[in-house]
**Q** 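Pasting in a structure now, in structure tokens, and then I'll have a few things to ask.
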Amino acid sequence: MPICRRKVTVIGAGNVGATTAQRIAEAGIADVYLIDVVEGLPQGKALDLAEAGPLAHHDQSIVGTNDYADTTESDIVVVTAGLARQPGMSRDDLLLKNAGIVRSVVQQAVHYSPGAILVVVTNPLDAMVHVALEVSGFPRERVIGMAGVLDSSRFRSFIAQDLGVSATDVSAFVLGGHGDTMVPLPRFSTVAGIPLPELMKPERIEELVQRTRTGGAEIVALLKSGSAFYAPASSVLHMVDSILSDRKRVLTCAVLLRGEYGIDGLVIGVPTVLGASGVERIIEVALTAEEKAALMASAGSVRGLVETMHNAPA
Ligand code: TXD
């Protein structure tokens, strides 16, 4: 029987990229090609990861390279290349620098993998998905931003810690852009099916919502250099696994909306069904006036970034 190994390219061999490569290889779901602009970095990390293979009980190949030709015919290309936030720096400060990096790496990657699904991680996330869409010319189903899975996981972990329950029994729903205006939705967040408002006082819920919104900055402030990467890499693994295994998991992803949620032509985080062809469906739920206003405010801040990029001198 022919064996068809799946191929995932991870662009950027930094904290998120290398940890993502490790998680994908250890899950045994694909061979991983790690690529970076820095010579030796992806090769060194890939070699180290490959040498852990026998101990981690996987036989995936992990290749480090600086040459996009090696990434030919990848099933999925994960884009983590870019600069990470430093303390006091907002995601938006990164905008123009990372737009240039994402433009260049996507251009090269899609040349060799025209049928791939792009999973974008670089910040500011929603704006970078716009860049990847424009440069690749791919349909929106195949250009997907990772943020909602991470934001939901942060909210879930805070709820679980607060209530003293297993994090695996907590399900949470976060809509909107990946920024301080993201929209965690407590009434759609549950503990073993029990809506959160039945279990927690509104003031406490609001505190956890606020902590979720600033969850990335909390880690940046602690690390003092660099930003979160373990939970981000786990989030990418969830998305990659749902696509490669056609699991059709319902995951919040940043995707180009065409009228859904009353938003047109803008990338924003919404619940999606992720399967073999990428985003297979966008799930729409009715929002209260307050939730809708919060989503529109979040969309407004993404729109501002996109306009800044379009108005910037080339
Ligand atoms: O929720 C989310 N979407 C995020 C996003 C969660 C965590 C991190 N998020 C963002 O991902 C973060 O703000 C950054 O924009 C990216 C990557 O974060 P990471 O922590 O991995 O940054 P590193 O460790 O600095 O790694 C970036 C790597 C580094 O090795 C650079 O040499 C490389 O990117 N890089 C490039 N690779 C290829 N090609 C080019 N042009 C290039 N430029 C930099």
Side-chain angles (χ1 to χ4, degrees), residues 9-23 33-46 64-68 70-71 77-87 89-109 118-132 135 143-155 174 176-180 182 212-220 223-239 251-255 267-269 302 305:
T9 285
V10 179
I11 309 180
N15 281 336
V16 177
T19 312
T20 297
Q22 177 184 24
R23 297 300 310 276
Y33 284 68
L34 191 56
I35 185 162
D36 201 284
V37 70
V38 179
E39 281 179 28
L41 180 72
Q43 291 86 346
K45 290 197 179 180
T65 182
N66 305 112
D67 182 356
Y68 281 85
D70 292 330
T71 69
V77 174
V78 180
V79 180
T80 78
L83 307 177
R85 272 197 297 171
Q86 302 299 321
M89 195 178 178
S90 81
R91 290 187 182 90
D92 303 355
D93 295 333
L94 294 177
L95 178 68
L96 297 178
K97 281 210 160 73
N98 282 354
I101 293 174
V102 169
R103 192 169 293 128
S104 135
V105 304
V106 168
Q107 213 154 33
Q108 299 177 78
L118 302 178
V119 174
V120 180
V121 179
T122 306
N123 270 329
L125 190 270
D126 309 273
M128 294 306 109
V129 177
H130 274 273
V131 173
V135 173
V143 185
I144 313 166
M146 185 290 287
V149 178
L150 171 64
D151 297 331
S152 307
S153 185
R154 284 184 172 146
F155 195 26
V174 178
H178 182 53
D180 306 341
M182 72 177 79
T212 303
R213 288 204 180 103
T214 55
E218 184 179 354
I219 290 179
V220 169
L223 293 179
K224 309 221 166 44
S225 109
S227 56
F229 54 99
Y230 292 117
S234 295
S235 305
V236 176
L237 173 65
H238 263 60
M239 292 170 64
L251 300 173
T252 298
C253 297
V255 58
V267 171
I268 204 114
V302 174
L305 295 181

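Start at 1 with the first residue, then count along the sequence. Each ligand, and each atom within it, is numbered from 1 in the order the structure gives. On a predicted model such as this, the values are computed, not experimentally measured, just so you know.
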**Q** Between Ser235 and ligand 1, which residue portion shows a heavy-atom distance shorter than 4.0 Å: side chain, backbone, both, or neither?
**A**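 Answer for Ser235: neither.
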
**Q** With atom 41 (N) of ligand 1 as the reference point, say which of Val149, Thr20, Asp151, Ile101 has the nearest heavy atom.
**A**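 When every heavy atom of Val149, Thr20, Asp151, Ile101 is considered, Ile101 comes closest to atom 41 (N) of ligand 1.
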
**Q** With side chain to side chain contact (heavy atoms under 4.5 Å, CB included) as the test, pick out the partner of Val267 among Val120, Val131, Val129.
**A**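 So the option named by the test is Val129.
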
**Q** Report the member of Val16, Asp126, Asn123, Val10 with the shortest heavy-atom distance to atom 21 (O) of ligand 1.
**A**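 The residue whose heavy atom sits nearest atom 21 (O) of ligand 1 is Val16.
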
**Q** Could you tell me whether Ala228 and ligand 1 have an N or O pair separated by under 3.5 Å?
**A**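 There is no such contact.
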
**Q** Do any nitrogen or oxygen atoms of Ala147 lie less than 3.5 angstrom from nitrogen or oxygen atoms of ligand 1?
**A** no

**Q** What atoms of ligand 1 come within less than 4.0 Å of a heavy atom belonging to Leu150?
**A**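 This gives 1 (O), 6 (C) as the contact atoms.
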
**Q** Give, for atom CD1 of Ile11 and atom CD1 of Ile101, the distance between the pair rounded to the nearest 0.5 Å.
**A**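 Here the rounded value is 11.5 Å.
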
**Q** Closer than 4.0 Å to some heavy atom of Leu41 - which atoms of ligand 1 meet that?
**A** 30 (O)

**Q** Hey, are the side chains of Arg154 and Ile219 touching, using non-hydrogen atoms and a 4.5 Å cut-off?
**A**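 Arg154 reaches Ile219 side chain to side chain.
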
**Q** For atom 30 (O) of ligand 1, which of the options Leu223, Val105, Asp36 provides the nearest non-hydrogen atom?
**A**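 Minimum heavy-atom distance to atom 30 (O) of ligand 1 goes to Asp36.
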
**Q** Which of the numbered atoms in ligand 1 are below 4.0 angstrom from a heavy atom of Val38?
**A** 32 (O)

**Q** Can you find a heavy atom in the side chain of Leu118 that is under 4.5 Å from one in the side chain of Val106?
**A** yes

**Q** List every atom of ligand 1 that sits less than 4.0 Å from any heavy atom of Leu83, numbering the atoms from 1 in the order shown and giving each element.
**A**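 Matching atoms, with element in brackets: 13 (O), 14 (C), 15 (O).
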
**Q** Is it the side chain, the backbone, both or neither of Asn98 that has a heavy atom closer than 4.0 Å to ligand 1?
**A**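 Near ligand 1, Asn98 shows its side chain, while the N, CA, C and O stay back.
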
**Q** For ligand 1, which is the ligand I care about here, please tell me if Thr122 has any N or O atom under 3.5 Å from one of the ligand's N or O atoms.
**A**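 N/O-N/O distance below 3.5 Å does not exist for this pair.
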
**Q** Show me which atoms of ligand 1 lie under 4.0 Å from any heavy atom of Pro232.
**A** 6 (C), 7 (C)

**Q** Quick one: are Asp70 and Ile35 in side-chain contact, heavy atoms under 4.5 Å?
**A**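 Result no, sub-4.5 Å side-chain heavy-atom pair not found.
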
**Q** Side chains of Lys45 and Leu34, heavy atoms from C-beta outward: is any pair under 4.5 Å?
**A**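 Lys45 reaches Leu34 side chain to side chain.
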
**Q** Counting distance only, does the side-chain N/O of Asn66 pair as donor-acceptor with the main-chain N or O of Val38 below 3.5 Å?
**A**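 The answer is yes, because a donor-acceptor pair under 3.5 Å joins these two groups.
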
**Q** Of the choices Ser104, Gly226, Gly82, Gly269, which has the non-hydrogen atom that lies closest to atom 25 (O) of ligand 1?
**A** Gly82

**Q** Roughly how far, to the nearest 0.5 Å, is the CG atom of Leu251 from the CG atom of Leu150?
**A** 12.5 Å

**Q** Answer with side chain, backbone, both or neither: which part of His178 has a heavy atom less than 4.0 angstrom from an atom of ligand 1?
**A** side chain

**Q** Does Thr9 reach the side chain of Tyr68, with side-chain heavy atoms less than 4.5 Å apart?
**A**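 No. Closest side-chain heavy atoms not under 4.5 Å.
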
**Q** Any side-chain heavy-atom pair from Val121 and Val236 closer than 4.5 angstrom?
**A**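 Val121 vs Val236: side chains touch.
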
**Q** Which atoms from ligand 1 have a heavy atom of Thr80 less than 4.0 Å away?
**A** 16 (C), 17 (C)

